[in-house]
Amino acid sequence: MRKHPFTGITQVLAVAGIILAVQRVAIGEGTGGAGKPESSAAHDARMKWWREARFGMFVHWGLYSGLAGTWEGKPAGTSGGMEWIQQIVKADTDTYARAAVPKFRPKPGFAREWAWLAKEAGCSYVVFTTKHHEGFALHDSQVGDFEAGSILQRDLVKEIVTALRAEGLRVGFYHSVIDWHHDQYAYALSKQLPHPLKGKPYPNGARDHSRYVQYLHAQAEELVTHYGRVDVLWWDYSAQDFQGDEAWRATELMAMVRKHQPAIIMNNRLFRTPEAGWKSMGTDGFVGTLDWRYGDFITPEQHIPDTGMPGIDWETCMTMNTTWGYSEHDHQWKSSEALIRNLVDIASKGGNYLLNIGPKADGSVPQESVDAMRAIGAWMKVNRESIVGTTASPVARPAWGRITARESKQDTTLYLHVFDWPKSGELTLEGVPNKIRRAKLLGGGKLTAESRNGVICITCPPNAPDPVDSVIALTLDGPIVRLPQAANP
Ligand code: H79
C-alpha cells in the first residue's frame, strides 16, 4: 500500500548508486555485488545448502491465476504459459486488471498448504513469484499501488514466507524485471522482450525508463529488507538487445540485494551475454561457463541438459503440465514417474530440479499437482539419501538408469537408480575397480554384490521393488577412479 511517494532520500541514493556503478565499470571490478571479488571458498560456502538441496518447488501465482487461461469466456490457449495471458490477448494493463483483479481472492491460510506440500514432497526450498511480467506485486509495497497491500489489504509475501519458514524451508523470490503494468516501462527499447502493447505508441506519451528502473530497485529493496532472510532471488528475464546495466542497472541492483542479504543466491537472468552463461535468446543454449558477477547459477527452462556442467551450478525449472500459471484448459500432466525420473536424471548430472505448481486464485493447488508432489514425496521418503546431498555420477551413465554419488574420505557410495530392473536377476556396473564394502536396497531388502573381472555384479530379487526407480546403495572403498572411458556421456 502506497503511504508516500518516492522520498528525496530514495532519489539521492539512486543517483549515488549510478555514480558508484559507473565507477565500478570504469575500474573493471565487480562481483555481482559485493564490491570485492568473492573467493572460491566463500562462494562454495554460500552455495552449499543449494547444492545439497537438489529439489525445490516453484510457484507461479498472480492475477493471471484467476483468469485461469480464459479471456472473455474463451480459452486463450490450451497449452503454454498462461501467466502470459495478458500478452497473448494483447490487453493493456487497465483492461487486464479490470478482468483479473476481482477474481484474485486468496483464501486464509493458503500458504500453509503450499508449505506442507513442498515439505511432504521432499523439497528443501520454495521459489515463488513476488511479481510476474503482469507487474502485480504480492507484497505490501510503499512505492506502487498495483500490489496486494493496496488491492487486498494483505501482504501475501509475508504470509507465504511465514508459512515456508514454519516448515523449515528455504525461501526464494522470483521477481520479473519485465513489467507490463508500469507506465514508465519503455517497452520500445527492446525488440526481443515481450509487451502487450509492442509496436504501439506509448498511451501516456514519452516514457522515462529510468523511473521504472528506480521503482524496480525500490520494490526489490522492500523485498530483501522486510521479510527476514531471503535465500534465493530468481530474476526473469533479459534479452540480447536489452539486458544488464543498460536495461535494469543490474550490477547495482545485485549489489543492493547483497548488501542486505550477503548469503543470497541469485540466478543469471539480469543479463543475456556469454559472460553470464548465455548462448542465445533460447532457454536451452548455454556456453558452459559462468562469471559469478552475473549470477550464481544458470537456468535451463523446461529441459534437462544432456550432460552435467562441471564447475557450473545449474537448475532446471519445469512445469508439471505445460503452463506455469494456473490454466483450467491445460490437461497435459506429466506422470509422477516422469517427474521422479527427471529429478533423478538431474541429480545424476549435478543439477537442481525446480518443479512448478500453479495454484488457483484462492491459493489452492490443483489436485493433479498435489497428487504428483505426494507421489514424489512417497518415493523420497524411501530414497531421500540418494538425492539430497549427493553429487553428479562419477561414472558413465548405465543403460539401466542413473547414478548419484556420495563421497567421504574413506569410501564412496554410489546410488544405483534402476529404472529398468534386470530380468536376468543380475545388474552389472562396469568401470569401477574399487573394492566392494556393502550393497543394500533402500527401503530394505538383501542384495549380494561381487566384483568379477573388474565388473560389479549385483544379484537382485526378481521383481523391481519400485517400478519407477529402485535404488541400490553400493558402498566402495576409497574414491572412484575416473577411467577415461567413464566420462559421463
Ligand atoms: O515464469 C516462467 C515464464 O513465464 C518465463 N520464465 C518462466 C520461469 C518465461 N519467459 N519467457 N519464457 C518463459 C520463454 C518464452 C516462452 C514463450 Fe510462450 C513460448 C513465449 C511464447 C511462447 C509460454 C507460452 C509463454 C507464453 C506462451
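Counting starts at 1 for both ligands and their atoms, following the listed order. These values consider heavy atoms only, across backbone and side chains, with no hydrogens, waters or symmetry-generated copies.
Counting only N and O atoms by type, the side chains of His175 and Thr130 include a donor and acceptor under 3.5 Å apart. Between the side chains of Asp179 and His133, no donor-acceptor pair of N or O atoms lies under 3.5 Å.
Relative to the ring axis of Trp278, Arg272 places its NZ or CZ within 45° and under 6.0 Å from the centre.
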For a distance cut-off of 3.5 Å, show me each N or O of ligand 1 paired with any protein N or O, plus the separation.
from     : atom 1 : to     : atom 2 : distance (Å)
ligand 1 : 1 (O)  : His60  : NE2    : 2.6
ligand 1 : 1 (O)  : His132 : NE2    : 2.7
ligand 1 : 1 (O)  : Tyr174 : OH     : 3.3
ligand 1 : 4 (O)  : Glu83  : OE2    : 2.6
ligand 1 : 4 (O)  : Trp84  : NE1    : 2.9
ligand 1 : 4 (O)  : His132 : NE2    : 3.2
ligand 1 : 6 (N)  : Asp236 : OD2    : 2.8
ligand 1 : 6 (N)  : Glu301 : OE1    : 3.2
ligand 1 : 6 (N)  : Glu301 : OE2    : 3.3

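Sorted by first then second residue, the ring-ring contact (aromatic ring centres under 6.0 Å, His included) pairs that include residues 356-392, not counting sequence neighbours, number zero. The ring-ring contact (aromatic ring centres under 6.0 Å, His included) pairs that include a residue from residues 143-172 are Phe136-Phe146, Phe146-His181, where partners are two or more places apart or lie in different chains.
Qualifying side chain to side chain contact (heavy atoms under 4.5 Å, CB included) partners for Ala118, counting only residues two or more places apart in sequence or in other chains: Met57, Cys123, Val126, Leu169.
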